[in-house]
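Computed over heavy atoms, backbone and side chain alike; hydrogens, waters and symmetry mates excluded. First listed ligand is number 1; within each ligand, the first listed atom is number 1.
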Amino acid sequence: MSSMTLYNYFRSSTSYRVRLALNVKGLDFEYKPINLLKAEQRSEAYLKINPLGGLPTLVHGGKNIPESFAIMEYLDEVFPEPALFPKDAYLKARVRQVCEVINSFMHPMCNLKTLNYLEKTHGYDQAKKEEWAGFWLPQGLETLEKTLQEFSGTYSFGDTITMADLFLVPQLLTCQRFKVDITKYPTLMKINENCKKLPAFEKAHPFKQIDTPDEFKNK
Ligand SMILES: N[C@@H](CCC(=O)N[C@@H](CS)C(=O)NCC(=O)O)C(=O)O
């Protein structure tokens, strides 16, 4: 049995990021599904390992690590090959910038707890949620497009996969889910298409997981 367990959910973009990091590094892990729609992330047992009730959490050698970015940096330190950051300090900072735009600005806007709050407190239906997403997410996409026009090659930073790609691809799928038009961003589209061809990305895709409902399989 693998010494790593990932508590995650097929469609969670933060879970998808970590699956990508594990696959890129060729690491085996046990997949523990936590169903967000059944609020399993707020069960007493899960809150013991992740007090904020967010996915994913990695358990490695009996120690748990919540927060996707913390998990991915940990994996990069413990399993350094292939490296997820460039060696150059400036480029490394710009890779982190991309990750942060996604992690701190874009992801929280359409997180389940944010949308649940809007629904319960302000009566948002699906159309209003899409309008909300359509206001916030393009601001992040424009920033990413401008940034990656400067740095991209085949992938976000030149021709080597970095942490930036592992954040970008899942976030673009979330944008599509909320009907945000990603075709307006040619650099992001190019990177997305190139990444999606890689086996590590194919394997991590939300529609290919053990907890993927039948309606999403083989799409
Ligand atoms: N910053 C955290 C966010 C974790 C998070 O909230 N993940 C979402 C899934 S993408 C979640 O579990 N949401 C549950 C909820 O909002 O109740 C991370 O990167 O791990």
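A salt bridge between Glu73 and Arg96 is present, with a side-chain N of the basic residue lying under 4.0 Å from a carboxylate O of the acidic one.
For the residues Glu40, Arg11, Gln41, the heavy atom positioned nearest atom 14 (C) of ligand 1 is part of Gln41. Of the candidates Arg17, Glu67, Arg42, Lys113, the one placing a heavy atom closest to atom 18 (C) of ligand 1 is Glu67.
The shortest heavy-atom distance from Pro56 to ligand 1 is under 4.0 Å.
If you look at Asn103 next to ligand 1, the close heavy atoms, those under 4.0 Å, all belong to the side chain. Under 4.0 angstrom from ligand 1, the non-hydrogen atoms of Leu36 all belong to its side chain.
Counting protein heavy atoms only, atom 9 (C) of ligand 1 is closest to Ser12 OG, 3.5 Å. Residue, atom and distance of the protein heavy atom nearest to atom 5 (C) of ligand 1 are Leu55 O, 3.6 Å. Nearest to atom 3 (C) of ligand 1 among the protein's heavy atoms is His107 CE1, 3.8 Å. With respect to atom 8 (C) of ligand 1, the closest heavy atom belonging to the protein is Asn111 OD1, 3.2 Å.
The aromatic rings of Phe151 and Tyr90 sit tilted relative to each other, their planes meeting at an angle between 30° and 60°.
In the model, Arg42 has no side-chain atom that pairs as donor or acceptor with a side-chain atom of Tyr46 under 3.5 Å.
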